[in-house]
Amino acid sequence: MTAPFQFLARLALAVFVAASGAVVSELTQGQGSRPRGESYEGPGTRDLPFNADQFFVPRWRLTNGPQVREAFREVVEPVVPSVVRIVCEERDVAFGAALRTDGWILTKFTSLKGPATCVLADERELPAALVGFDNEYDLALLRVETNDLVPVRFARTSPLVGSWAATVGLWRDPVAVGIVSVPPRALPRQAGVLGVELDQFNAPIVTKVRPDTGADKAGVRVGDRIVAVSGEATPTRVELIRRVRSFSPGDEVELEILRDGQRITLVAVLKSESSLQASGGRGDTASMTGGPLSERRFGFPRALQHDTVLRPSECGGPLVNLDGETIGLNIARSGRTESYAIDAATVQQVAQRLLAAAGVAQPAGSTAATVGAPASEP
């Protein structure tokens, strides 16, 4: 990495160029000017509707434009080999971070929909097995068959509010950069919502299915009687509501249904009430927030906040400081400029528990990330 003063000078120049609009080729040329596989943000896609950034410089370009991201190139370069891209059903769903050389990876759990494949920085594609998960922190432990992963290097201190942070992908420039906004804290949970209206006489019978909700996508129909949710009986309307609300947005639940005298089982992914209200039940909240939000973005016992603008599919991987140390794993985009990351100390504790549950002993050597090593507060 370059000396701090050199980096700051380069960053200041990048911000000036972004503000002056002197370099606009990347905004006008599209994907052709970017490395193969790298995501592209065209005009207006970050936080301004109706191509308003054609008339003035958008805020995201001052902190996250191509010139600013390029200034972080040397920061993220050594971290890229530690990042994997998670693909499910031919869709990019998340990033992941290598924990050990022998194939252990951590990522965002609720992003995993179906069998997963890990794409490495050297373009290898390896099938991944889901070995364990922590529902509180929405983290999943994956395993791929390889012995040459490059583990992330965790920071041993928490980042200061106002410090720079970069989200690392598989490319030479970071996916996005931002500023640490709030130190690690608990984020209250929100209840999951299935997306149905029920019989008013306390029977768990569906009278309406709201469009583009978990119930709608699962195939729930008007007239269905939901008699159990994830193994627990729901004999009344009240019990069904209580059971569903015991889960979080983004959780997958199994619905046992009586339909035309037959029992069937459906699987639904819960949404949040706020996302349904914002969209009127018609889809995601992109029109109001400048882009889609993570469905599971609440209820983390401990997470730090930063103002990086991420897509939900860009969560799960490392968030690093200017020394290239991982200060956390991105876990959710919650608002226009509100993203959350599980801090490094907590990630290591969760990883240690998951590895232990999988019967993996922490080696004494340096072939693994410092799982379990304490990270002190500033």
Side-chain angles (χ1 to χ4, degrees), residues 78-79 81-84 86 94-112 116 118 120 126 128-159 165 167-168 180 183-187 189 248 250-251 296 299-306 315-321 323-332 340-378:
V79 190
S82 302
V83 179
V84 303
I86 312 295
F95 287 117
L99 290 175
R100 296 167 46 118
T101 57
D102 54 348
W104 295 97
I105 293 165
L106 210 59
T107 188
K108 181 176 171 68
F109 173 55
T110 55
S111 293
L112 304 177
C118 290
L120 278 57
L126 303 176
L130 175 62
V131 179
F133 64 91
D134 185 294
N135 195 54
E136 278 195 317
Y137 290 99
D138 198 18
L139 292 172
L141 182 67
L142 302 180
R143 178 75 189 278
V144 296
E145 292 298 327
T146 187
N147 287 299
D148 59 355
L149 295 183
V150 179
V152 293
R153 182 167 55 98
F154 287 108
R156 299 185 66 87
T157 57
S158 294
T167 293
V168 189
V180 176
R185 72 192 194 282
L187 302 175
R189 71 173 295 274
S248 298
D251 285 349
R296 171 69 193 278
F300 305 113
R302 180 179 166 90
L304 64 85
Q305 181 177 327
H306 55 102
C315 294
L319 181 73
V320 303
N321 59 22
D323 293 322
E325 299 171 327
T326 296
I327 58 176
L329 293 191
N330 286 314
I331 203 64
Y340 296 123
I342 307 302
D343 64 285
T346 302
V347 168
Q348 292 174 87
Q349 293 166 6
V350 172
Q352 186 176 27
R353 290 199 302 267
L354 292 175
L355 287 169
V360 180
Q362 175 69 13
S366 58
T367 59
T370 53
V371 175
S376 59
E377 297 293 339

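We number each residue from 1, following the sequence as shown.
The minimum heavy-atom distance between Arg302 and Thr346, with the atom names listed, is CD-OG1, 3.1 Å. Heavy atoms only, all atoms of each residue included: Gly324 and Val79 are closest at O-CG2, 3.4 Å. In terms of heavy atoms, Arg143 sits closest to Asp102 at NE-O, 2.8 Å. Shown here for Leu141 and Ala358, the closest heavy-atom pair between the two residues is CD2-CB, 4.5 Å. Here the closest heavy-atom approach between residue Pro151 and residue Ser82 is recorded as O-OG, 3.4 Å. Closest approach of Arg296 and Glu136 over heavy atoms only: NH2-O, 2.9 Å.
In this structure, the side chain of Thr167 does not engage the main chain of Leu319 through any donor-acceptor pair within 3.5 Å. Ser111 places no side-chain N or O within donor-acceptor distance of the main-chain N or O of Ala94, the cut-off being under 3.5 Å. Side chain of Glu325 to main chain of Asn321: no donor-acceptor pair is present (N/O by atom type, distance under 3.5 Å, no hydrogens or angles).
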For side chain to side chain contact (heavy atoms under 4.5 Å, CB included), just list the numbers for Ile86 and Leu112, CA-CA rounded to whole Å, side-chain angles, deciding distance to a tenth of an Å, and then say yes or no.
-> CA-CA 8 Å; Ile86 312 295; Leu112 304 177; 3.6 Å; yes
Carefully, step by step, assess Leu329 and Leu106 under the rule side chain to side chain contact (heavy atoms under 4.5 Å, CB included).
-> CA-CA 9 Å; Leu329 293 191; Leu106 210 59; 3.8 Å; yes
Can you check side chain to side chain contact (heavy atoms under 4.5 Å, CB included) on His306 and Asn330, steps first, answer last?
-> CA-CA 10 Å; His306 55 102; Asn330 286 314; 2.8 Å; yes
Chi angles and distances behind the side chain to side chain contact (heavy atoms under 4.5 Å, CB included) call for Tyr137, Ile331 = CA-CA 8 Å; Tyr137 290 99; Ile331 203 64; over 6 Å; no
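For the atom pair CZ of Arg100 and CG of Asn147, the computed distance is 10.0 Å after rounding to the nearest 0.5 Å. Between Asp343 atom CG and Ile327 atom CD1 the span is 9.5 Å, to the nearest 0.5 Å. Here CZ of Arg189 is found 4.0 Å from OG of Ser248. Values are rounded to the nearest 0.5 Å. In this structure, Leu126 CG and Glu145 CD are separated by 9.0 Å, a value rounded to the nearest 0.5 Å. The distance from atom CG of Leu99 to atom CD of Gln352, rounded to the nearest 0.5 Å, is 11.5 Å.
There is a side-chain donor-acceptor pair under 3.5 Å between Thr110 and Asp138.
Taking Phe133 as the reference, Phe109 meet the ring pair (Phe, Tyr, Trp, His ring centres under 6.0 Å) condition, with sequence neighbours excluded.
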